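We number each residue from 1, following the sequence as shown. Model, not experiment: these values are computed from the prediction.
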Amino acid sequence: MKIINIVLSGGVGSRLWPLSRKSCPKQYLPIFEEKTLFQKTVERNSGLCDQLMIVGNKANYELSRKDVNDLGITDYAEVIEACPRNTAAAIAFAALSCDPEDVLFVTPSDHLITSGEAYSKSVERAIALAKEDQIVTFGLKPTRPETGFGYIEAKGEEVKGFREKPDLETAKLFLEKGNFLWNSGMFCFKAQVFLTELEQYEPEVYHRSQEAIKAADNGFLDRELSMKIPSISVDYAVMERTQKIKVVPSSFGWSDMGSFESVFEYMEQHGYSADEQGNMIIGSDIHTEFVGLENTILVQTKDAILVLKKESAQEVKKVFEKLEKNKPDLVN
């Protein structure tokens, strides 16, 4: 039995446009103490796991390889998707590539996490539960009424239910109740336990993923076979349906870095100061003054400028989607 860190690196990071592009998604931006979120993920888990496996896609696997090589790591496995098929398939590819009894610690590559004792204890507890054939998710104790995350209703390690991203009033209610946790998107389970549940609840995802892995060429998946796999998240496919689910309530520092509001907070903590009205410029050294504005972020790249109110950070995804249709060169 091995403990394997499965790093999912196929995301686009559309809410961080124009910094994040299809050709260089947010997990590969070296703006976090001169490292990428991908590198921080690999480093953070290397002492807790025996092996590393990266599940990426054909658009970014070279970025993953560069990041890993820059860390001096040469011994790792890869699964390279031909096209995005969502997280249920991505995790199935990993599980099908491992021994049945291997414990998989599944982590997104684009989260910012404070490593340390609290983190290590949560991971160790999850591994212990996984060894007992449980399917484990991590729930973060919320620090604010956040509308950008899904929630887990819990009683100790028992999962009472999953909740979609709430509106502000509902988020405040969750915070008051005290037994609602942010859904971190991190999981832990034995490979075969996950595959058995996937086959029960989403047999087509399981069997089509199996076909794609069997036909893989040196880790590269076939596009035609991949397109036959239903695109569904692991939450909908397994987590919200399995009877084996457990949650590890956790209190380590965590952010999915899913918006410029998160980046703003990070920058403030690492020496970048906003002005007196809470305005900040990201991506440029050009002297900038904000007049009559507050809590505004200006993001500049060589070919685009984004100006947004901090509280509207989740809306950037709509800009990305609009440009994807009308000006695809600006998102590639």
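Between Glu315 and Arg15, no side-chain nitrogen of the basic residue sits less than 4.0 Å from a carboxylate oxygen of the acidic one, so the salt-bridge criterion is not met. At a threshold of 4.0 Å, the pair Glu202-Arg241 counts as salt-bridged, since one of the basic side-chain nitrogens sits closer than that to a carboxylate oxygen. A salt bridge does not link Lys35 with Glu33: every distance from a Lys NZ or Arg NE/NH1/NH2 to an Asp or Glu carboxylate oxygen is 4.0 Å or more. The pair Lys2-Asp50 does not meet the salt-bridge criterion, since no charged nitrogen lies less than 4.0 angstrom from a carboxylate oxygen. The existence of a salt bridge linking Arg163 and Glu153 is confirmed by a sub-4.0 Å separation between a basic side-chain nitrogen and an acidic carboxylate oxygen. Salt-bridge formation is not detected for the pair Glu43/Lys40: no Lys NZ or Arg NE/NH1/NH2 atom is positioned less than 4.0 Å from an Asp or Glu carboxylate oxygen. Note on Lys22 versus Glu324: salt bridge recorded, some NZ/NE/NH1/NH2 to OD/OE distance being below 4.0 Å. Looking at Glu197 and Lys244, no side-chain N of the basic residue comes within less than 4.0 Å of a carboxylate O on the acidic one, giving no salt bridge. A salt bridge links Asp133 with Lys190: the distance from a Lys NZ or Arg NE/NH1/NH2 to an Asp or Glu carboxylate oxygen falls below 4.0 Å.
At a threshold of 4.5 Å between non-hydrogen side-chain atoms, the residues Pro108 and Met186 count as touching. Side-chain atoms of Asn57 and Ile80, non-hydrogen and from C-beta on, never get closer than 4.5 Å to each other. Looking at heavy atoms from C-beta onward, Phe320 lies out of side-chain contact with Leu16 at the 4.5 angstrom threshold. At least one side-chain heavy atom of Ser97 sits less than 4.5 Å from a side-chain heavy atom of Ile213. With contacts defined as side-chain heavy-atom distances shorter than 4.5 Å, the pair Glu62/Lys66 does not qualify. The shortest side-chain heavy-atom distance between Asn5 and Gln51 does not fall under the 4.5 Å cut-off. Side-chain contact check for Met1 versus Val103: some heavy-atom pair is nearer than 4.5 Å.
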**Request:** Would you please test Met280 and Met267 for side-chain contact (heavy atoms from CB on, under 4.5 Å) and show each step?
**Result:** CA-CA 9 Å; Met280 182 183 285; Met267 295 293 192; 3.8 Å; yes

**Request:** Let me see the working for Glu81 and Lys58 under salt bridge (charged side-chain N to carboxylate O under 4.0 Å, His left out), right down to the final yes or no.
**Result:** CA-CA 6 Å; Glu81 296 178 290; Lys58 65 177 185 178; over 6 Å; no

**Request:** Apply salt bridge (charged side-chain N to carboxylate O under 4.0 Å, His left out) to the pair Glu211 and Lys214, showing each step before the final yes or no.
**Result:** CA-CA 5 Å; Glu211 289 170 9; Lys214 282 181 179 175; over 6 Å; no

**Prompt:** Taking it one step at a time, do Glu117 and Lys121 satisfy salt bridge (charged side-chain N to carboxylate O under 4.0 Å, His left out)?
**Reply:** CA-CA 6 Å; Glu117 188 179 2; Lys121 281 187 172 178; 3.1 Å; yes

**Prompt:** What's the verdict on salt bridge (charged side-chain N to carboxylate O under 4.0 Å, His left out) for Arg125 and Glu157, showing C-alpha distance, side-chain angles and the deciding distance?
**Reply:** CA-CA 11 Å; Arg125 179 57 185 157; Glu157 292 179 344; 2.8 Å; yes

**Working for side-chain contact (heavy atoms from CB on, under 4.5 Å), residues Phe187 and Thr107** = CA-CA 7 Å; Phe187 312 103; Thr107 60; over 6 Å; no

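Side-chain polar atoms of Tyr119 and Asn45 form a donor-acceptor pair below 3.5 angstrom. Defined by atom type and a distance below 3.5 Å, a donor-acceptor pair is present between the side-chain atoms of Arg21 and Thr301. For the residue pair Asp235/Ser233, the side-chain donor-acceptor check at 3.5 Å is not satisfied. Side-chain contact annotation: Thr147 with Asp167, donor-acceptor N/O pair under 3.5 Å absent. Judged purely by distance below 3.5 Å, without hydrogens or angles, the side chains of Asp67 and Thr36 pair a donor atom with an acceptor atom. Between the side chains of Glu240 and Tyr236, no donor-acceptor pair of N or O atoms lies under 3.5 Å. Side-chain contact annotation: Ser9 with Ser109, donor-acceptor N/O pair under 3.5 Å absent. Between the side chains of Gln192 and Thr196, at least one donor N or O sits under 3.5 Å from an acceptor N or O.
When hydrophobic clusters are built by joining Ile, Leu, Val, Met, Phe, Trp and Tyr residues whose side-chain heavy atoms come closer than 4.5 Å, directly or via intermediates, Phe138 is not grouped with Leu37. Taking hydrophobic clusters as Ile, Leu, Val, Met, Phe, Trp and Tyr residues chained together by side-chain heavy-atom distances below 4.5 Å, Leu104 shares a cluster with Ile245. By the rule that hydrophobic residues join a cluster once side-chain heavy atoms approach within less than 4.5 Å of another member, Val106 and Tyr76 end up as members of separate clusters. Taking hydrophobic clusters as Ile, Leu, Val, Met, Phe, Trp and Tyr residues chained together by side-chain heavy-atom distances below 4.5 Å, Val79 shares a cluster with Ile6. Linking ILVMFWY residues whenever their side-chain heavy atoms come closer than 4.5 Å, directly or via other members, leaves Ile91 and Phe105 in distinct clusters.
To the nearest 0.5 Å, atom CD1 of residue Ile4 and atom CG of residue Leu52 are 9.5 Å apart. To the nearest 0.5 Å, the span separating SG on Cys24 from CG on Asn332 amounts to 13.0 Å. Note that CG of Leu19 and CD1 of Ile282 are 7.0 Å apart. Values are rounded to the nearest 0.5 Å. Remark: Thr242 OG1 to Gln134 CD distance equals 8.5 Å, nearest 0.5 Å. Note: Leu221 CG to Arg85 CZ = 12.0 Å, rounded to the nearest 0.5 Å.
Atom NZ of Lys309 has more than 12 heavy atoms from other residues, nucleotides or ligands within 6.0 Å. Other residues, nucleotides and ligands contribute only 12 or fewer heavy atoms inside 6.0 Å of the NZ atom of Lys327. Counting heavy-atom neighbours within 6.0 Å of Asp303 CG, excluding the residue itself, gives a total above 12.
When every heavy atom of Leu306 is checked against every heavy atom of Pro18, the shortest pair comes out as CB-CD, 3.7 Å. Considering all non-hydrogen atoms of both residues, Ala237 and Tyr201 come closest at O-CB, 3.4 Å. For Asn279 against Leu293, the heavy-atom pair with the smallest separation is ND2-O, 2.9 Å. Across Ala92 and Leu195, no two heavy atoms sit closer than the pair O-CD2, 4.2 Å. Nearest heavy atom pair, residue Ile135 against residue Phe194, reads CD1-CA, 4.2 Å. The two residues Thr114 and Phe252 come nearest to each other via the heavy atoms O-CB, 3.9 Å.
Without hydrogens or angle criteria, Thr296 side chain to Glu294 main chain gives a donor-acceptor distance under 3.5 Å. With hydrogens and angles ignored, the 3.5 Å screen pairs a side-chain donor or acceptor of Thr288 with a backbone N or O of Ile286. Remark: the backbone N or O of Ala88 is not paired with any side-chain donor or acceptor of Asn86 at under 3.5 angstrom. Listed for the Asp99 side chain is no donor-acceptor partner under 3.5 Å among the backbone atoms of Glu101. Between the side chain of Thr87 and the main chain of Val234, a donor-acceptor pair closer than 3.5 Å is present.
In this structure, Lys310 satisfies the cation-pi test against Phe264, with its NZ or CZ atom closer than 6.0 Å to the six-membered ring centre and inside 45 degrees of the ring normal.
Note on ring orientation: taking the six-membered ring where Trp is involved, the planes of Trp182 and Tyr151 are perpendicular (angle over 60°, cut-offs 30° and 60°).
When ring centroids are compared, Tyr61 and Phe220 come within the 6.0 Å threshold. Taking the six-membered ring for Trp and the full ring otherwise, the centers of Phe149 and Phe180 sit at least 6.0 Å from each other.
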